[in-house]
Amino acid sequence: MTSATKSGRETSASFRPIDNAFIEVTKDVIGLSVWRIENKLKVVKIDEQEHGFFHEGAAYVVLKVDAEEVTSLHYWCGLACPESEAKLIEQKAHELDRILNYATLFSKETQSLESTRFLRLFPEGVIYIESKPKTTVSRAAAYIKSMYKVMGRKYIRAVCVEPSLDALDTSSACILDGHPRMYVWVGSHCPYSTRIRAINLAKKFRNMQRKGIAHIIVIDEKDENMNTAFLKKLPNGHTSLTNGHTSMTNVNHLEPGSVSGEGTENTVLHRVSGEKVMYDMPEASRCPLYHKYLVRRDSYLLDRGPNAPLYVWVGHQASEGGISNALLRGKAFCEHRGYPSTMTVCRLMEDHEPTEFKKNFYDWRETDTKRRQLTKKYSIGNIERALFSTKDNRTVAKMNEHWSDDVFPDGDPDTEVWRVQGDTLEQVPWDQHGVFTNGQCYIIRHRITEDDGNVHTVIYYWMGSKSPESVQQKTIDLVLDMNKAIGYKCVLVRVLDEKEPPHFMSTIQNSIIVYDEDLQDKPSDRQMYCIRELDNGSMRVQQVPASSEWLNTSASFVLTTPSACFLWYGKKSGGHEREYAKNLLGFLNPSRMYTFDIVTEGKEGNAFWHMMGPEIEHPKEFSQDKLERRPPRMVICHLDQGSQYKFQDIDNFTQQDLADANMFILDTFDLVYLWTGSTVNDAIRSQAYTIVKAYMQRDPAGRTFDTVRVWMTSQQDESETFTKYFRQWSTNGYCGQDKYDLARKRIRQENARIDVERQMVDRSHVNYPKHDYRLLLREEQPEDIDDQHKEFHLTDKQFFDVMRHRRVEFYRLPLWKQQQILKSTRLAYIPPATKPLSISTPNTQET
C-alpha cells in the first residue's frame, strides 16, 4: 500500500464528523473497549466491569487492539434490538473503522450466532441480559430473579430464561441468580469443560456485578439432597417463556466453526469488483480452492452456505472503496441469496486471515513478513527444493519445520510382522520383514524399550494399493482388537502404499520391496523392478511392468529374464540406488548375481531394447503429490442420536480442551491424529476408522482420505509426536472429573472468605449529610454533595420512595441494574462532557 493511498484515506476520514465517544480512540491504546447505544441514541462507552454482558435489546461496538496494532472491530445486535439502533450502530462501527484507518478484522455479529473471533474476546464467557437498558423509574425498578442457561464448550454463552424446571437440561448447565447466593446447576451428562467454564462464568458475574460479594453454590444433578433443595426454588410446572427468549431455547449448541456435514459443494469463492451482486460478484472458483486465486489488488467473498460465517477477503492493493464497502457487499450478497439477516459477515485483511478461513484452501501457505522470523530448516538435501512465494520476492523454504519431525524415542526395538489372511494373521519370518505385496495388507507391531524400562508400542497397518476394501476393513478390525487386548496403550499408524513415512521405514531396516499383485497373478519371463532412494536415505523397490514407459530418469531399474539381466541407470539416479540395484540381484535372482549388464540412460544397445520392447518416452521425475504441513487444528467429534457425526473446531486449543469422555481430531493437514479419552466405551472406539473417514469426507479444503496419514492414540499413552503440538503438557492436564472437583473445592474456599451479610450493603451513606431529593437534581448544589454518590445523601425513607427499593434490596441487585435505577432517577454520576473535536474545513476545493 502506497503512502499516497494512506494519506488520502486519512485526509478523507479527517473531514468526517467524529462522535465524541470515539475521540480518544487510537491504535496506540492496547486493550478491549466496548460502546453501547443508550438513551436518545447516543454512543456511550461502558465500564470494564460490564464487558461480556450484552442486553438482548441493545446494540454494541467492540474493539480489541493488541500489542502489534492488530485491530478486531465488531458491531453486535441483540435479537430484540430496535431497527433504528441496529442501523445506527452499523454507521458508528463504520465511522470507527475509518478512524482506525480500517481495522484488521471487521465483522457484523448477532446474538447467539457470534463468530469465534468475537467470542474469544471474552474468554470467561458472554452473558445475555434480558430486555434492554431501562430508562424509566417503574421499569428500572422491576427486577425478576433470573436463570441463565449455559451453552457452548470452548467459549460459552449464558442465555437469560425464566426460572423453570423446563430450563434444566441434563446435557447442559444453568446459573440461578438468587443473590446473595448464586447457584450453578450442572446436568449429569454435561461435559466437564462446560461445567468448569460455567463455574468461571458465575465467578465473573460475582466479581464484576456483585463487587465480589456473593456465595456460589455448585449443585450436581447426581447430588440428590442438594438437587432436591435447588428444585424447590423453581416454580414447579411453569413452562411459559417471556418474549424474546423462545427463539433462544432451540439454539444449536455447537459453537461457531463446526463442520456442518453438508460437504464442500456449497463452498464457492467470488471475486468482488463492484456494487451489484448479480453482475459484479462473478464466481472465481469452487472447491478445491487454491491460494493463487486470491489476487491482492481485488476483494473476494467466501460463501459456504447459510450455516457458516461469510468472509470478505481484501488484498493489500485493493481500492479504498473495496475496503470500506466490503461488509456492505457481503450483506447485499446474503440478501440476494436469501440467507438469514442474522448471518455473520466478516471482512478480513490480507496476512491476517483466521484459521477458519485458511482451512478452506488446499495449498494455503503463510506469507513471509518482516516481523515473522524464518523457522524453516535447511540442509544440503533440501535447499534445492526451495520455492518462490507468490506473495513475496524472497525465497521461502518448503520443507518441514522442526516441529514436523514425526519420530519416536530411541531404545531397544522389537518388531513383529503379520500378513492378513482372511480372518486370521500369518506371521512373517524375520528375513521377510519389509517384503510386501500391494494386493495384501500387513500389520507391524513395533516395541521400543527405553533405558528406564518404559515400553512404547506402535502398531502400523500397511495398506496395499490394490488390496480389496474388505481386506482393508478386516485389517482395521484386527488392529483395533489388538490395541484393545493391550489395554489401549498403543499408537496406531496407518501406512499407505508408496507413502511410507521415515519412522516406518526404520522399523523394517530402511528397505522395502513391494511386489505387484497383477504381475504375480500373470507371471512373465520378463520382470522389472524400480529402485529409488527416499528423502531420508531409505530404499524402496517396486515391481513394475517390463515396458520402457515405466522407466524414470530419477531411478535405477533391474530387468531380468531367464537368459539375461540388465541394470538400467537413469541420468539422475544416485550412487546409492545403483549399488543397491546390484545387491538386490542376490535376493531377486541369485543366479544372475554376477552375470549382468549395466546400461545407462541414452546409451542403451540393441540387446536391451530387444528385451525391453519398443522405446517409449518415459518421465524424468517422480510426481510429488505431497501435502504440506500446517499449524494444527483441533476438532471434537460428536455422535448425535441419529448416528450422524458432527465435528466442532476448538479455537486456540490447549491440553485442558481434551476431555476423557470424548474423541478429538488433531489435524496438521498432512496427518490426522485421532485422540480417544479414557472413559470412551468400546462401541465408540470401534468406530474410530469410520469417524476419521467421515471427517475427511467433509474436508473444506477438498482433501481425500487416501492423501493423509492417520494416527490413533489414547489418553495417557500419547507419544511426543502428539504432545509437541501443545504449549504445555502434563500427565494431569486433561479436563475431567479431577479438574471439576478441584474447581468446586476452590469455590468453597472462596465462599468461606466472603461474609455476604456484612459486606453486601454499602454503609458509607451513614457518614454523609442528608439532603432533599429535589435539591440533588438542581444544577447548583451545596459543596458537601458527592456527585459520584448522590444516593448517599438520601434518608432511608427518601431512598425507598425514589428507588422503590430498600437499601438492602438495592445492593442485592447486579451493578448493571443498580446503574439503570440511578440513571432513571437522575442520580447517576455523569462525567464532564468532552469537548467535541472541531476540524476547520479549508476553503479550497478537495482534489
Side-chain angles (χ1 to χ4, degrees), residues 20-21 34-51 53 55 58 129-146 177-182 205-215 754-835:
N20 292 339
V34 183
W35 295 267
R36 179 174 62 207
I37 300 295
E38 292 193 355
N39 189 25
K40 298 181 181 180
L41 299 180
K42 290 185 178 180
V43 181
V44 179
K45 187 174 183 179
I46 65 176
D47 297 333
E48 184 178 354
Q49 64 187 12
E50 296 188 54
H51 289 181
F53 296 85
H55 290 268
I129 300 175
E130 70 281 7
S131 189
K132 62 182 298 183
K134 304 297 191 302
T135 56
T136 63
V137 179
S138 60
R139 292 188 177 183
Y143 178 74
I144 302 175
K145 182 186 297 184
S146 300
D177 182 14
H179 196 66
R181 291 177 179 83
M182 301 179 64
F205 199 103
R206 177 196 65 189
N207 297 335
M208 293 190 173
Q209 294 296 328
R210 301 294 188 184
K211 297 182 179 180
I213 306 170
H215 282 176
I754 301 174
D755 188 346
V756 292
E757 298 300 333
R758 292 185 56 189
Q759 303 176 15
M760 182 174 56
V761 179
D762 193 339
R763 303 186 184 280
S764 303
H765 68 279
V766 176
N767 301 322
Y768 278 69
K770 304 305 182 221
H771 294 284
D772 186 79
Y773 170 66
R774 289 171 295 183
L775 178 62
L776 299 177
L777 300 181
R778 295 178 182 176
E779 293 185 3
E780 296 182 2
Q781 298 172 355
E783 295 181 357
D784 59 353
I785 292 181
D786 185 356
D787 289 339
Q788 299 187 17
H789 297 284
K790 292 182 179 180
E791 70 276 11
F792 288 171
H793 297 281
L794 297 174
T795 63
D796 290 342
K797 183 179 183 304
Q798 285 183 324
F799 190 95
F800 177 76
D801 293 339
V802 174
M803 305 289 188
R804 300 193 180 184
H805 285 79
R806 302 189 185 277
R807 290 189 190 271
V808 175
E809 297 172 349
F810 178 79
Y811 289 113
R812 286 177 181 266
L813 302 178
L815 295 181
W816 63 266
K817 195 70 177 182
Q818 297 179 23
Q819 192 66 18
Q820 284 182 2
I821 296 176
L822 291 174
K823 285 183 179 181
S824 64
T825 57
R826 300 165 61 188
L827 295 177
Y829 172 69
I830 301 177
T834 306
K835 293 183 180 181

Output the distance between atom [atom1] ([X]) and atom [atom2] ([Y]), rounded to the nearest 0.5 Å.
{"X": "D801", "Y": "F799", "atom1": "CG", "atom2": "CZ", "answer": "11.5 Å"}
{"X": "K817", "Y": "Q209", "atom1": "NZ", "atom2": "CD", "answer": "12.0 Å"}
{"X": "I821", "Y": "F810", "atom1": "CD1", "atom2": "CZ", "answer": "5.5 Å"}
{"X": "L822", "Y": "Y829", "atom1": "CG", "atom2": "OH", "answer": "14.0 Å"}
{"X": "I213", "Y": "D755", "atom1": "CD1", "atom2": "CG", "answer": "9.5 Å"}
{"X": "L775", "Y": "K790", "atom1": "CG", "atom2": "NZ", "answer": "9.5 Å"}

Can you check side-chain hydrogen bond (donor to acceptor under 3.5 Å, both in side chains) on H771 and D784, steps first, answer last? CA-CA 10 Å; H771 294 284; D784 59 353; 3.3 Å; yes
Where is the tightest heavy-atom contact between [X] and [Y], given as atom of each residue plus distance?
{"X": "D177", "Y": "M182", "result": "OD1-CG, 4.2 Å"}
{"X": "R206", "Y": "A214", "result": "CD-O, 3.3 Å"}
{"X": "A21", "Y": "W35", "result": "O-NE1, 3.3 Å"}

Please walk me through it: do Q798 and M803 pass side-chain contact (heavy atoms from CB on, under 4.5 Å)? CA-CA 8 Å; Q798 285 183 324; M803 305 289 188; over 6 Å; no
Has the side chain of [X] got a donor or acceptor atom that lies under 3.5 Å from a matching backbone atom of [Y]?
{"X": "Q819", "Y": "A828", "answer": "no"}
{"X": "H793", "Y": "Y768", "answer": "no"}
{"X": "R210", "Y": "L813", "answer": "yes"}

Are there over 12 heavy-atom neighbours, none belonging to Q781, within less than 6.0 Å of that residue's CD? yes
For atom NZ of K770, decide whether the heavy atoms of other residues, nucleotides or ligands shown that lie under 6.0 angstrom number more than 12.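 Result for NZ/K770: enclosed.
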Flag side-chain contact, heavy atom, 4.5 Å: I754 against H215: yes
Under 4.0 Å between a side-chain nitrogen and a carboxylate oxygen: does that hold for D772 and R778?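 So D772 does not pair with R778 through a salt bridge.
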Please determine whether side-chain contact (heavy atoms from CB on, under 4.5 Å) holds for the pair Q820 and Q818, giving the CA-CA distance in whole Å, both sets of side-chain angles, and the decisive distance to 0.1 Å. CA-CA 5 Å; Q820 284 182 2; Q818 297 179 23; over 6 Å; no
Could you list the residues that satisfy ring pair (Phe, Tyr, Trp, His ring centres under 6.0 Å) with F800, not counting sequence neighbours?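 Not a single residue meets the ring pair (Phe, Tyr, Trp, His ring centres under 6.0 Å) criterion with F800.
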Applying side-chain contact (heavy atoms from CB on, under 4.5 Å), run through L794 and L776 and close with a yes or a no. CA-CA 9 Å; L794 297 174; L776 299 177; 3.6 Å; yes
Apply the test side-chain contact (heavy atoms from CB on, under 4.5 Å) to residues I129 and H55: give CA-CA distance (whole Å), side-chain angles for both, the deciding distance (0.1 Å), then the verdict. CA-CA 5 Å; I129 300 175; H55 290 268; 3.6 Å; yes
